[in-house]
Asks: 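Sharing a structure below in structure tokens format, with a few things to ask.
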Amino acid sequence: MVTRSVVLWITVLTLLFSSCAKDTAVDIPAFSPDASLRPNEMIPDSLRTLLDGVYSTTDASGPFGASVVIRRNGKFISLVCRKNYTFAVLQAGRRDSSIILEGYWRSARSTDHGLVRLSMNVLNGAGRIMAGQPGGGIQFEGAFGNNANEPSNALILKRERQLSVQTRPFWVIAHRGGGRNSDAFSQSENSLGMIKIAEGFGANAIEIDARLTSDGVPILFHDENFSPRLVNSDYCIGPVANYTFKQIRALCSLKNGEQVPTLREALETVLTETSLSLVWIDTKSPQAVAAIIPLQQEFLARARQQGRTLEILVGLPSGDILDAYKNHPMHVQSPAVCELDMQNVRASNASIWAPRWTLGPQHTSVLELRAEGRRTFFWTIDEQEFVGLFLDNDNADGILTNYPMLIAYEYYSR
Amino acid sequence: MNITRAKYFLIGVVYSLCTSSIAQAEAPGTDSTTLFHIAVEGGGGYTRPISTHPYSSHGLTEGGASFLLRVRWGSSNRVGLALESGYLPVSASHYTTDAPGIGSLHVDAQLSTIPLLLLFSLQRYGVLIHLGAGYYRLRSWVNVDNETTTSTEWDFGVSAGVGAVFPISDNVGIGAEIGWRNISEQQISLVSLAVRVSWRLVRW
């Protein structure tokens with residue numbers, strides 16, 4: 001009997017202490033400044049675009065699988081894969097007569113990561129690329145490493161074909177500014193840093209969450225309440241709406257140390273530091289609508305002045321928020337994305353319908369709305385096995401996802 | 001720490017088995033005429049956080065004086081159930097900071113909690129161990145540049161403790177204990193040292 005008791009107590013203690021877990025962001029490595037590409041070695045966008053394509057790899061069992069998509073996306077060269085949703089955020093430069101791609105790779109479905117450096121010499125097509133000649137077979141040779149170690153695992157990428165031809169624009173919309181804290185990115189969800197890196201993950205659009213502080217400042221924050229999932233703070237507990245903006249700035253930071261951004265700061269970052277073409281503002285309360293619409297209008301006007309193609313959409317996820325939107329005097333000129341049924345999409349004159357993906361592709365409804373000039377974005381698709389359902393028949397105009405690297409691979413490699 | 005409720009439940013089941021098996025293994029109590037009793041316990045001591053998720057350590061004071069109150073139902077001085085409440089300070093801060101985009105801000109803040117737990121306990125040879133689960137009412141008071149906010153929330157949590165009990169009369173005992181607590185949702189862990197007085201109100 002005593003033995004049984006001892007065993008049971010050991011079980012209790014083992015369960016208690018084995019239950020301890022900590023979310024830790026992956027520290028992204030970087031090449032030493034001496035070895036990495038210098039600003040004067042970077043090649044212009046017009047040449048970087050010539051690297052776009054679907055490439056085969058020499059080692060299908062490696063982290064990149066058998067096939068990758070390379071695509072210029074904003075200021076990054078984005079490499080995306082199906083296997084483990086691996087991606088690489090790269091810069092392209094020229095050193096001597098070779099084109100260099102270098103940066104880091106990461107598996108979004110694990111914490112595997114490391115450095116990668118690839119080179120294309122004249123024999124493999126660098127001369128043609130630098131001369132601005134599109135097409136043709138090109139090949140990168142180099143290596144990838146694990147963690148902060150220098151790349152030592154051989155990797156060869158051979159372009160097999162161009163990216164799929166786009167008949168209409170398509171939006172790869174990164175959730176929470178680019179990704180979630182639970183995927184251990186080194187930038188926090190809904191942070192300015194995450195917005196800046198979203199294109200490196202393969203996205204060309206972002207969804208961000210806007211809610212109000214007690215003094216009416218719209219900030220980016222997903223949850224209704226503060227919690228250690230999202231912030232570091234001794235004192236921020238309970239509803240976000242209890243606290244003033246000053247209190248939030250003084251008392252807490254996001255998980256990776258960033259400040260909780262305002263919606264204004266987020267839109268400023270999108271406009272000045274990215275090439276993103278669409279921002280979906282997920283409205284978290286009816287009261288937030290009145291604060292979001294003037295900012296939306298201000299930044300849309302600035303984008304137009306700069307000749308920038310940028311859509312900023314007010315999200316309408318529920319009936320009370322839809323009512324607040326329809327009651328706002330500026331709603332007629334305020335583009336919106338409506339998550340409710342088609343009747344409400346039309347009633348709000350939303351330019352985009354955003355149904356939950358679990359309702360299926362709904363192709364007839366998609367075509368009906370498309371005939372009215374509206375687009376359809378599905379949310380939130382994270383599983384590779386379902387992506388094809390929504391891309392087939394040119395169905396979706398965009399997909400909201402926690403894994404833009406996956407959606408980008410599936411879309412551009414079709 | 002991130003402990004799921006399912007694991008807590010499993011711990012509770014295993015603990016129940018454990019306490020019942022120990023109770024079966026022990027000899028009857030010293031007072032063979034008393035089967036059950038209800039006692040009130042009060043205590044005070046010092047509580048300190050051992051795991052938090054701080055933003056700033058400027059002007060930070062961790063822990064402080066804490067108080068506990070329990071009503072315990074006991075069986076032959078061995079297996080018992082208790083309801084526990086009290087007051088536990090977690091941290092307090094007083095500092096001036098430069099907030100990005102705002103400027104200099106003066107900060108005063110306090111975080112404390114009131115537990116409301118159900119404890120399962122086992123007492124033998126003057127040693128008492130207990131495991132508990134329930135809810136903690138967290139209270140945050142902050143003042144930043146003369147703007148004050150008080151915010152509260154209820155969070156699930158657990159506790160575990162071990163102590164010694166010394167009877168000083170038929171109905172009164174004194175003791176000391178050390179305890180560990182985890183407020184699951186906010187991932188706060190605390191340790192407490194306390195002395196306590198136990199007064200047996202009723203027995204039958």
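Just so it is clear, the structure is predicted and the values come from calculations on it, not from any experiment. In what follows, every chain begins at residue 1, and chains take the letters A, B, ... in the order their sequences are listed.
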Asks: Please report the shortest heavy-atom distance between I237(A) and T152(B), naming the atom on each side.
Replies: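 In terms of heavy atoms, the two residues are closest at CD1-CA, 4.3 Å.
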Asks: So for T148(B), is it side chain, backbone, both, or neither that comes closer than 4.5 Å to the heavy atoms of chain A?
Replies: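 Looking at T148(B), just its backbone touches chain A.
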Asks: Does the side chain of D234(A) come within less than 4.5 Å of L60(B)'s, by heavy atoms?
Replies: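 In contact.
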Asks: Verify, without hydrogens or angle tests, whether S140(B) (side chain) and Y235(A) (backbone) share a donor-acceptor contact under 3.5 angstrom.
Replies: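 Yes; judged by distance alone, with no hydrogens or angles, the pair exists.
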Asks: Heavy-atom count around W154(B) CH2 within 6.0 Å, excluding the residue itself: above 12?
Replies: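 Check passes, neighbour count above 12.
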Asks: Side chain from CB out, backbone as N, CA, C, O: work out which of these in L105(B) comes under 4.5 Å of a heavy atom of chain A, or both, or neither.
Replies: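 For L105(B), side-chain heavy atoms alone lie under 4.5 Å from chain A.
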Asks: Run the side-chain contact (heavy atoms from CB on, under 4.5 Å) check on V142(B) and L251(A) step by step: do they pass?
Replies: CA-CA 9 Å; V142(B) 301; L251(A) 292 167; 3.5 Å; yes
Asks: Which atom pair, heavy atoms only, marks the closest approach of P239(A) to S151(B)?
Replies: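 Reported closest heavy-atom pair: CD-OG, 3.9 Å.
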Asks: Looking at N171(B), I'd like to know if its CG atom is crowded, meaning that more than 12 non-hydrogen atoms belonging to other residues, nucleotides or ligands lie closer than 6.0 Å.
Replies: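 Counting other residues, nucleotides and ligands, CG of N171(B) exceeds 12 neighbours.
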Asks: How would you list, by chain and number, every residue that makes a side-chain contact (heavy atoms from CB on, under 4.5 Å) with F245(A), sequence neighbours excluded?
Replies: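 Partners of F245(A) under the side-chain contact (heavy atoms from CB on, under 4.5 Å) test: T213(A), D215(A), V217(A), I219(A), R249(A), T262(A), I102(B).
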Asks: Tell me, out of A99(B), G101(B), A109(B), who's got the most heavy-atom pairs with chain A below 4.5 Å.
Replies: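 Greatest number of close heavy-atom pairs with chain A: A109(B).
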Asks: Under the rule for side-chain contact (heavy atoms from CB on, under 4.5 Å), what residues qualify as partners of A266(A), not counting sequence neighbours?
Replies: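 Applying side-chain contact (heavy atoms from CB on, under 4.5 Å) to A266(A) gives L192(A), I195(A), I208(A), L220(A).
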Asks: Count the heavy atoms of every other residue, nucleotide or ligand shown that sit under 6.0 Å from CD of E298(A), and state whether that count exceeds 12.
Replies: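 Atom CD in E298(A) is crowded, with more than 12 foreign heavy atoms closer than 6.0 Å.
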Asks: With chain B, which of G238(A), P228(A), C252(A) has the greatest number of heavy-atom pairs at distances under 4.5 Å?
Replies: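 Most heavy-atom pairs under 4.5 Å with chain B: P228(A).
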Asks: Is the backbone N or O of E147(B) less than 3.5 Å from a side-chain atom of Q247(A), with the two atoms forming a donor-acceptor pair by type?
Replies: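 Such a contact is found between Q247(A) side chain and E147(B) backbone.
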Asks: If you compare all heavy atoms of Q186(B) against all heavy atoms of S227(A), which two are closest, and at what distance to 0.1 Å?
Replies: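 The pair with the smallest heavy-atom distance is NE2-CA, 4.2 Å.
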